[in-house]
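In what follows, a structure is listed as structure tokens, so that the remarks can point back to it.
Start at 1 and go down the list; that is how both ligands and their atoms are numbered.
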Amino acid sequence: MTTSIPSDGLWFGKDLSNSPPIPEEAIERAVALMRSGRLHRYGEQGSGYPDPSLLEQEYAAYVGSKYCVAVSSCGAAMFLALKALGVKPGDKVLTSSFTLAPVPGAIAHACAQPVLVETTADYTTDLQDLERKAASSGAKVFLLSHMRGHITDLAAVREICDRHGVAVVEDCAHTMGARWDGRHTGTWGRIGCYSSQTYKHINSGEGGLLVTDDDDIAAQVILMSGCYMMYEQHILRPAPEVFERWRYVTPNFSMRMSNLAAALLRPQLALLPERDECWNRIYADLARELAKAPGVSLPTRDPREAFVPSSIQFSLDLPPAQIERFVEECALRGLYIKWFGLPKPVAFTSNFKHWHYLDEQAPMPQSMAVLSQLLDLRTPLSLTPEDCQLIGRIVQVAAGIAQVQTS
Ligand SMILES: Cc1ncc(COP(=O)(O)O)c(C=O)c1O
């Protein structure tokens, strides 16, 4: 590890983990709720609809789904999705090899076994590998992670999965507001799952949203998330006879969203379009600068993909020791870049090689090659064009040093 102080005078030093403040309107509503003491979404004598029900109605209208259920996290939403689709202990579930730990975690929570699908050089699903594994694995569900906002051709995914009788669940933790071919992510499969954890597009600290058009799935998720028998406090809910089918056979997993979380989120929905525009501006500025660095390449983005990049990823065509040097040189200049090829999991970043609880997987040479060169930078809305230029300059210098080091 190098300890020298860079002589080039380049220093970034801003905190890339910051999030925008909660809107005043949301704070006022949260304070009113706290004064009332009414923080649980259900009540035996509730009057009017609680904040999570209103949020569900607004979010479903935003993405164009029939139902939305507000839950405690995206991890909870994915778990409930698998349960509602009938995943049983020991079942296999297809999932993306490029994702974060809560995704295989949701599968493990359902006592099922992840079967990883290879990732392309553009950080999306390898459709040929999906086709192979949908045909051969016996899995009935594909939990597709739109990891870091990189969206696979969803029409092709649907076509393959439909042909093999595989239901698609979309992990949209990084794609709230994003669309494929004009249609929101999360509405292409049977179920879409979103996150409102602090580092996502809207922030309630913890929180999740699940969308579906399916009456039986919606009824099960409402019951499983923990409504007890107060499902009539959901504005968006299936007919009473659908609940009759499920109310005696569905466990309560206590994964509700609180009134407080929903109150924080509702005013943020209206901010999504301006946030999306700002993130896209930052992405374009950074992509232009990063592409100037030696050995750096950015993924090709399909014109059908309307993405909402709250982070940026790039590949650096160097062996691991030199990538390590690159990361160190960036850190010396106050720029903390994450690397998916790390030998050990660090902070939020891990890869499938670190998840030793998975059953043995088929060799994943392509995913390993991609992840071993994949670098990751969060892009808070506060980044200015000057910040983007400085980041680009640091990446160019650090990549140059890393290249020269051992060549
Ligand atoms: C790709 C991905 N999917 C799902 C999740 C789970 O979201 P939550 O923290 O709301 O459970 C995360 C969390 O960071 C994530 O990064």
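- Relative orientation of the F253 and F79 rings is perpendicular, given thresholds of 30° and 60° on the angle between their planes.
- The side-chain contact (heavy atoms from CB on, under 4.5 Å) test with M176 singles out one residue from L209, D276, V63, and that residue is L209.
- When each atom of ligand 1 is checked for a heavy atom of L100 under 4.0 Å away, the hits are 16 (O).
- Residue contacts with ligand 1: H146 is excluded, as none of its non-hydrogen atoms falls under 4.0 Å.
- For atom 13 (C) of ligand 1, the nearest non-hydrogen atom from the set E206, R148, Q197, K200 belongs to K200.
- From the protein, the heavy atom lying nearest to atom 11 (O) of ligand 1 is G75 N, 2.8 Å.
- Residue-ligand proximity: G207 is placed with a non-hydrogen atom under 4.0 Å from ligand 1.
- For F307 and H174, the ring centers sit 6.0 Å or farther from each other.
- In this structure, G208 has no heavy atom closer than 4.0 Å to ligand 1.
- Nearest protein neighbour of atom 3 (N) of ligand 1, counting heavy atoms only, is D171 OD2, 2.8 Å.
- Counting non-hydrogen atoms of neighbouring residues, nucleotides and ligands closer than 6.0 angstrom, the NZ atom of K353 reaches no more than 12 such neighbours.
- Interface atoms of ligand 1 facing M78, defined by a heavy-atom separation under 4.0 Å, are 4 (C).
- For ligand 1, the polar-atom distance check against P102 finds no nitrogen or oxygen pair separated by under 3.5 Å.
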Fill in: side-chain contact (heavy atoms from CB on, under 4.5 Å) evaluation trace for D285 with L383
CA-CA 10 Å; D285 283 352; L383 283 183; over 6 Å; no
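- Here the protein heavy atom with the shortest distance to atom 10 (O) of ligand 1 is S195 OG, 2.7 Å.
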